[in-house]
Amino acid sequence: MNLFTDIRALVLDSLSAMMDEGALPAGLDTGNVAVEPPRDPAHGDMATNAAMVLAKPAGGKPRDIAEALAARLSADTRIARVDVAGPGFINMALSDTVWQDTVRHAILTGPDFGRSDLGQGKRVNVEFVSANPTGPLHVGHTRGAVFGDALAALLDFAGYEVTREYYINDGGAQVDVLARSVYLRYLEANGQEVAFEDGTYPGNYLIPVGEALAAQYGDALVGKPEAEWLDDLRDFATDAMMHMIRADLAALGIEMDVFFSEKSLYGTGRIEEAIENLRARDLIYRGVLEPPKGKRPEDWEPREQTLFRSTAHGDDVDRPIMKSDGAWTYFAPDIAYHHDKIERGFDLLIDVLGADHGGYVKRLKAAVSALSEGRVPLDVKLCQLVKLWKNGEPFKMSKRAGNFVTLRDVVDQVGPDVTRFHMLTRKNDAPLDFDFAKVLEQTRENPVFYVQYAHARVCSAQRKAREAGLNVDDAALAGADLSGLTHPSELAVARKLAEWPRMVEIAGRTNEPHRIAFYLYDLASEFHSLWNRGNEEPALRFVQDGDEATTRSKLALARAVTVVISAGLGILGVTPVEEMR
RNA sequence: GGUCCCAUAGCUCAGCUGGAUAGAGCGCACGCCUCCGAAGCGUGAGGUCACAGGUUCGAAUCCUGUUGGGACCGCCA
């Protein structure tokens, strides 16, 4: 149930009736007719631009069309008042029963209130995190992880069939570096002094891996040439890192459906197959690229490479897929990986990447466009940097100095709920401040707290009612007479609730889960406002001593608020609390 | 040089497939607890939506250009 689409349907029905009767020319395109909440509440609950959109094609004056349409709309019982305003807006005020019904509907539908069929069961693959398996996840990954997981949950709620996927970069040079680094730790575990030169990973997190190796191999690998241990140690170390990364993700409440190994693309013909697919479309050729304009790399010299004609699908230059020495570039397995996703039958692909990968968006889209013949859209969501603050000072991370902050550090200090919510309080392409002190503050400026507080207040009121011996179960609340919910502050809360299904669709259409977080803040604000009004007007308090019927109707409204907050927090992956502590 | 992202109140930021008088928090000024949790609520001041053109009934939103900030730019992933 989405009130806005319901009313839009009413508007469209009325328009087609007018066309049938000749009041409007037949066959008008009504695609641009919108029904939205007006910015100014004085304009009513719903406004439509129908008259202005149709005036030109219909060859009439906006106000004339508006008057005729308004007359029809006013016949509907849901609509209390219609007026034509401004250049031809039709403003509608809905009757109180509409909002009361919304409250009842929210309670009866429960966690499914707001679910949408926007996705129509289409299969979407959300790839996120995909950090190199060479160390623990850090704060930057945390944002992508939370964003991707919340986006996946949002799309599920919006009617898609969602797969959460992690691409393991275990096929490149960096896992060889990992293996050598682990070998050093292994030697260390065997009592040797070792030095970590440039190009190795010095992090302490590899110490236990070295110890585990020593436990398994003893000193059998000491002094042996690299060729004898590289393959085994690479697998061993990669497994250990992925084990750690999975645990990191689990600490945030994230569970992937698929871990896809880059290595599985090599030596299996998968890369060749994808490239042949492109070659068959005449998109692969041997050639020499122009040097980059502006600052030219020192060692640049023209070389012939194998190139993907990505310019045929919207890229700015063609991209190398094979180096001059005959090895694949990293882009080749990326192509094969996306080819694989397309072959698995997804209708929509989403890649969540760090902002520093912005330069790869066009070539990835070109590859997916070419491989799927334009059938499968790829949406790339870039997550901007997270700026850390400690004690009011910006906190600079440096891997070299070993003071980089890990996902685990953050979750251990502030908890998964606060971490997740806060990561979604900015849109993905805006930089985000993360202040270890501020995110734990319990004030209005901290949205996590503010939303949780609203939820806790409802639970508190419910407890109080129960202590008074009242049945406030959902069935009792939904069955209550809600016709007494008529105060402007109460209706304001109900109106906000009615926006929930619409918010889900907007957020789902734009792939922007942060909209859910902002909506929840707005809803909490309306609720707190009503709650505090009870200080001055006792008639607005949720629990009315000695008046069970009124208490039930007011608690129904409050319960509907928690239904939506729970559902919204559920999408964000945050647990609602029943009391603050 | 090129590509992508960003520019909205003193500060941090929202702003719906283009809608009416552009919103919130913080900060500032002033109010509200013998009262369901005041960890909250209310009122007020505060804006050339970076700039200049264009598209149209209508632009913070779409297009072009300019300025300023960030990211990236063959044989690293």
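We name chains A, B, ... by the order of the sequence lines, and we start the count at 1 in each one.
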Within 45° of the axis and under 6.0 Å from the centre of the six-membered ring of F308(A), does NZ or CZ of R319(A) qualify?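 The answer is no, since R319(A) fails at least one limit relative to F308(A).
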Does the side-chain ring of H43(A) lie flat on the base of A20(B), meaning centres under 5.5 Å and planes less than 30 degrees apart?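 Stack criterion met.
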Protein-nucleotides 7-14 of chain B N/O pairs under 3.5 Å:
residue	atom	partner	partner atom	Å
U12(B)	O2'	R426(A)	NH2	2.9
C13(B)	O5'	R426(A)	NE	3.4
A14(B)	OP1	K427(A)	N	3.3

Please state whether the rings of F434(A) and H422(A) are parallel, tilted or perpendicular, taking 30° and 60° as the class boundaries.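 Judged by the thresholds at 30° and 60°, the geometry between F434(A) and H422(A) is perpendicular.
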N/O (side chain, [X]) to phosphate O (OP1/OP2, [N]) under 4.0 Å:
X       : N      : answer
R457(A) : A38(B) : yes
R444(A) : G25(B) : yes
R39(A)  : A20(B) : yes
K323(A) : G74(B) : no

Measure from the side chain of [X], starting at C-beta and using heavy atoms only, and say which of [options] lies closest.
X       : options                : answer
R541(A) : A20(B), C36(B), C16(B) : C36(B)
T443(A) : G74(B), G40(B), A71(B) : G40(B)
E445(A) : C41(B), G74(B), C26(B) : C26(B)

Quick check: F260(A) with Y337(A) (ring centres under 6.0 Å apart)?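 Yes.
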Under a 4.5 Å cut-off applied to non-hydrogen side-chain atoms, are K263(A) and P333(A) in contact?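 No, every pair of side-chain atoms sits at 4.5 Å or beyond.
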As a check on the pairing definition, encode RNA chain B in dot-bracket form, counting Watson-Crick and G-U wobble pairs whose two distances are under 3.5 Å, and using | for partners outside this strand. (((((((..((((.....[...)))).(((((.......))))).....(((((..]....))))))))))))....
Under the 3.5 angstrom rule, does the side chain of H528(A) hit a backbone N or O of Y450(A) as a donor-acceptor pair?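 It does hold such a pair.
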Under 4.0 Å, heavy atoms only, any strand: does V53(A) hit a base, just the sugar-phosphate, or nothing?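 Base, at least one base heavy atom under 4.0 Å.
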Go through the N and O atoms of the side chain of D316(A) and the base of G2(B), and report whether any donor-acceptor pair is under 3.5 Å.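 Answer no: no donor N or O sits under 3.5 Å from an acceptor.
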